[in-house]
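Below is one structure; the comments refer to it alone.
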Amino acid sequence: MLGETEWAIVLLSLRVALVAILVALPFAFIIAWILARFSFWGKSLLQALITMPLVIPPVVTGYLLLVWFGARGTLGGFFNDVFGLTFSFRWTGAALAAGVMAFPLLVRPMRLSIESLDRGLEEAARSLGAGRIVVFFTVTLPLLLPGILAGAVLGFAKALGEFGATITFVSNIPGETQTLSLAIYSLLQSPAGDAAALRLILVSVVISIVAVVASEWLQRRLSGGRT
Amino acid sequence: MLGETEWAIVLLSLRVALVAILVALPFAFIIAWILARFSFWGKSLLQALITMPLVIPPVVTGYLLLVWFGARGTLGGFFNDVFGLTFSFRWTGAALAAGVMAFPLLVRPMRLSIESLDRGLEEAARSLGAGRIVVFFTVTLPLLLPGILAGAVLGFAKALGEFGATITFVSNIPGETQTLSLAIYSLLQSPAGDAAALRLILVSVVISIVAVVASEWLQRRLSGGRT
Amino acid sequence: AEKVTVFAAASMKEVIEQAAAKFEAKTGTKVTSSFAASSVLAKQIEQGAPANIFISADLDWMDYLEQRNLIDKPSRKIVAGNALVILTKKDKGDAAAILKAGRFAMGDPSNVPAGKYGKSALETLKIWDEVSKNAVFTENVRAALEFVSRGEANAAIVYASDHTAAPDLVEAYRFAGSTHKPILYPAALVGKEASAEGKAFLDFLASDEGQEIIKSKGFVGASDKAG
Amino acid sequence: MSDTLFVSVEGQVGSFPIAAAFTAGSGVTALFGESGAGKTTLLKMIAGVTRPVKGRIAIRDHVLFDSTNGIYLPPEQRRIGYVFQDARLFPHLSVKNNLTYARWAGRRSAGLSYDRVVALLGLGHLQQRAPATLSGGERQRVAIGRALLSNPALLLMDEPLSSLDHSRRQEILPFLETLRDETKLPILYVSHEVDEVARLADEIVLLQAGQVTASGPAETIFSRLGSHDDAGALVTGVVTASDDAFGLTSLDIGGQPFQIAKLGFAAGTKLRLRIRARDVSIARTLPDAISVRNILPARITGIETNDGPDCDLSLDIGGQTIVARLTRKSASELALKQGENVFALVKAASVDRGVMRG
Amino acid sequence: MSDTLFVSVEGQVGSFPIAAAFTAGSGVTALFGESGAGKTTLLKMIAGVTRPVKGRIAIRDHVLFDSTNGIYLPPEQRRIGYVFQDARLFPHLSVKNNLTYARWAGRRSAGLSYDRVVALLGLGHLQQRAPATLSGGERQRVAIGRALLSNPALLLMDEPLSSLDHSRRQEILPFLETLRDETKLPILYVSHEVDEVARLADEIVLLQAGQVTASGPAETIFSRLGSHDDAGALVTGVVTASDDAFGLTSLDIGGQPFQIAKLGFAAGTKLRLRIRARDVSIARTLPDAISVRNILPARITGIETNDGPDCDLSLDIGGQTIVARLTRKSASELALKQGENVFALVKAASVDRGVMRG
Ligand SMILES: Nc1ncnc2c1ncn2[C@@H]1O[C@H](COP(=O)(O)OP(=O)(O)OP(=O)(O)O)[C@@H](O)[C@H]1O
Ligand SMILES: Nc1ncnc2c1ncn2[C@@H]1O[C@H](COP(=O)(O)OP(=O)(O)OP(=O)(O)O)[C@@H](O)[C@H]1O
Ligand code: MOO
Ligand SMILES: [Mg+2]
Ligand SMILES: [Mg+2]
């Protein structure tokens, strides 16, 4: 059904989106936690800052990433020197762009879940001898699961569909940074690309349906008999 | 600080984003409600469908809008005939695009809130003589407020930042469909546009900070002494 | 053999892909390319993109890089030209009559090159003031063509090369080359130390064989300097 | 007493089947049953919060549910005040707005006065507080107040007083009694406290594993109730006189005089007394110079011995039955046998908790 | 009894200030106080869930909180089993996983056996159920089991039995007594039930508006407790013999023989009995052929009359004080006066609920 290059695009997209979400998730969780549990000066500003990638045009976010995380950028240099990690014009950069763009979508539902969590349950767990960490993994996290899944699904979908920031930051290089969205865009630019574009759009749609269905299933399973 | 045309762009953007969110909100709420409260065949598919605008490249969404809601589109014709509402090349179309793109962001947090609502409170309210509608407005809605606000803020931010679907659907007509995002993009296309673009980016940022701060304030106020 | 990376304006996609295939068959050197807006590509090169060749859709962005000493000045050459046409669904006619009849699509004159040329041509014909109220500005050619195909707009002012993307439309009018500045596609090697393979590909594009491909896609040959 | 509440339902929650039928008059009907017997489920069905599979529920001629007619009134049209087992206060509303919810949201304005309910339940200083800041008992009091202020035609109370201290309970119970008497409001009352039930209940419904195992007037059901310690009987008497100086009321119980430490009943009033088995002693001869006021000629109609140290004697006093609990040793020393005539000694002071209006 | 629990705290929740100090031994300490007195708040401070502003909390030499040293142990290091007023079951875990939480998440494996706790609390058939499907009483039983299985060094119980029926309560109470006696586990027990307190408590702490108004051995505090109806006294005796045939235990109370309907105490065991005022009758002459087993020579040390129909006599029996509640009329008819010698009649059957180990 799909040609070899198309398969490569699909796999690259999946890798980019999954890596983006898996890496962004813990950071998003920490931020959501801080926003939900603490009061501090500038909290609203922090929330606003996180919302930024939604507000400013994706192209602008892409430029900012290019300037900061490019080979010449301060942060780009830092990551390269310290972690040996290069973003510019690499799939890692596409993942970074996808992660940044998906970030606000990850944070909000998680924050909502954390805010509505009954803290009495954590107290009960600790009185039963479980330390903070254990309580987190045995009580808090399972109860936050619906929020985390909601965020992850939104984020994953966004990461799959990300276009503007990605093309601006890491360009549109087949085999390296050309994700499904970028490939679809390219195909739509060519007179004869419609059929191929349609095929890729369908692939995107199928992937996201699978992701949503899987997340719903997971949530139903893990929430068990809770009503 | 801002020139006259720039002010016009800001006002247009606000109108587009606000109208988009205000119109989309009730629909998103109904969908969220259905997804949260009912089990039916194809529920996951419905959720997946709603998530689509995130997944497929915005440009594709724009094309689809053009095909369906353009002057010659089936739905476009319907709206024109029945409500006298034209979308093509109008700010209403920009609002439609923004609303569609923001839709998944509105639905998810609301669904999450509805799912975690204690239905016993609704039962209690009804036993006190309040009908469904009154219970909805006096108990359900106030308790869902954090979720609604979370969705509205994400959606508003997205509506402000929407670019790809808008430019594809209603093109970039100054004074009619040129929102902040589109204007910023245009400016960045010219080698000398950076300074002007930066000014508009700052305006976007300020608007979204105001929106986030206002929503946080509103939530704190309305949730009152609840802890 | 080394591979060559080409950063080219999105409108050159067909040409470059076909030329790359021929070139690869001949020399064994692989050509990868990234297609995006000229502005995006230029800024990426400024940030150290791994491009060997930059092909811009207008002179401005090539100048932008040249001023910053980011290209190999001696290698800069025009590889193609283009003509400006009006495409409609109907038959040929007078430019003024067609454009006055209703909405027409064109690139945004403030930044999209085709828009700049179009505006200047209409000004030369002294009908800009009369018809500009009918103009809708698009970000890319594809959208402009789609507007006409879908009947949202009567006509589109696009490059002759764009016609291949919309075979259902007819060329109603072709602007004389004298009505606007020549439409030229400059190409150059990127960086101080140009790669031999890059130079070879650039030469291939300028060769008769390359020019044949360019003309077959509706462009005007570099030597013709028509437009 | 004509039947006010008619319930006959079959249904299911999860894997738990319930099939219960009973009728109740306009007083207090106690719903009694052990943990998990289905009491809450039954209340929910009456309130319209859980739908039975079939059956019929009606308050007088007001049909709330009838599976044969497809009638299933929504909760808000049932005029039922429901004090839930968990308080279910609205977390976003102040105590005051919780209390008045039925008035501003349910448009139920008649009924008890706000000030009276607030004063009774001791909520005055809590009115502006958020529910999250209340103690367990405070929360429960607000829930009771909220239901009372909804001007109900039937009150469902699911262990309403279980988180309240004794003195607060002693304030609320008489209020409920008054309410019951003044308004003829039928009250369906779930409680584990035999004392509360004895005091309030006119009728008792025993529920076991989702089935009604007994129901009827408190007098007949009462002896089956409760644990070993609380065993006892209910007897009915008619007020004959009161002794204002000493605060005593004299009754006639099947021809026998009987005194209780209580006042305020007009002669002729029918009263129901709860006499606990453990409060009744037996003497073969009429004791002299003893503080026990009520020394009744009685005939032993039955002796029930169990493994424990005690035995229960059923005694006939003027046609009514009371139960006396003795040690087996005393019974043996006194050589008590069925059919013999003895004296039953009942302290006036020990009956005062058991007075009930008939 | 050496002090096991030392509490002295000052703090605040919302606008409610609490300043409480008491020490408690290794038995059961009842925390008594009306709704909103601060009982739950105090337990939370001891559990480490709410932080006091200053003070000190220690179990033996294990300091949990000391504001002068900045010690503030987190809840998981306090080894405190806490039965919360609201059950707080983990909604995402089955009943079984809730019960064993302390074992798999808290690594507290020693202590009571799972099977024993499950059997005692009647949770066998509920193990695979989700908490949301439990009835109120079932939920509370799971919460009790969960705390018991955490092998605690101190048990905090906030109205643990209030949603349970009498018979279930009667099963759990002896278990708690055994637990207390076998493990020397100190238990801090919040309850509104005077019966429960009388039965379990070795010491009593009275809390009022956030302040400790009295604390000490149950015997001394008890008479201040509870309502009118539950007034009574605690007396101490030593077991002298048992009558296995009739299931009776004989005691020596200050030189007087006394029998109770209970078994299983070795001779020499010190017992505490709760004798309710309403269960004590008075006779001027030694009655004959009467079922009442305990007829004790007593001296009237005080007569307290109130507005009501009753009066309370303080009686000295062999150096200990009990209270008898008579009608004023009986007192007057018998012409009882302070200093006179009379006989106190106490039914063996009525004391059995009040037996307590000293
Ligand atoms: N956030 C708060 N703001 C103001 N008052 C509060 C707050 N939290 C608790 N209180 C008050 O503190 C007092 C003590 O509460 P606590 O829960 O300790 O009472 P309690 O003795 O356990 O009562 P109950 O028997 O009803 O459970 C109550 O009067 C309560 O209203
Ligand atoms: N979803 C469910 N699945 C299985 N069993 C259920 C479900 N919901 C309730 N039950 C069971 O139904 C029975 C009746 O519950 P209900 O709440 O009516 O008891 P109750 O008499 O009110 O008990 P309590 O005095 O403890 O509150 C209980 O045994 C409970 O476990
Ligand atoms: O008081 Mo009894 O009645 O000894 O058995
Ligand atoms: Mg119940
Ligand atoms: Mg409490």
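Each chain gets a letter, A, B and so on, in the order its sequence line appears, and its residues count up from 1.
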Under 4.5 Å from a heavy atom of chain C, the part of Tyr63(A) involved: side chain
Chain C contact via Val67(A) - side chain, backbone, both or neither, heavy atoms under 4.5 Å: both
Atom [atom1] of [X]: over 12 foreign heavy atoms under 6.0 Å:
X	atom1	answer
Asp168(C)	CG	yes
Trp68(A)	CH2	no
Lys43(A)	NZ	yes
Leu11(A)	CG	yes

Out of curiosity, [X] [atom1] to [Y] [atom2], how far, rounded to the nearest 0.5 Å?
X	Y	atom1	atom2	answer
Leu66(A)	Lys43(C)	CG	NZ	9.5 Å
Gln47(C)	Ser171(A)	CD	OG	13.0 Å
Phe7(C)	Ile173(A)	CZ	CD1	4.5 Å
Phe89(A)	Gln44(C)	CZ	CD	4.5 Å

Shortest non-hydrogen separation from Pro174(A) to Ser33(C) and the atoms involved: CD-O, 2.9 Å
Heavy-atom closest pair, residues Thr168(A) and Val40(C): CA-CG1, 3.9 Å
Residue part contacting chain A, namely of Ser39(C), when any heavy atom lies under 4.5 Å: both
Residue part contacting chain A, namely of Leu145(C), when any heavy atom lies under 4.5 Å: neither
Sidechain-backbone polar pair: Asn172(A) side chain, Phe35(C) backbone, donor-acceptor under 3.5 Å: yes
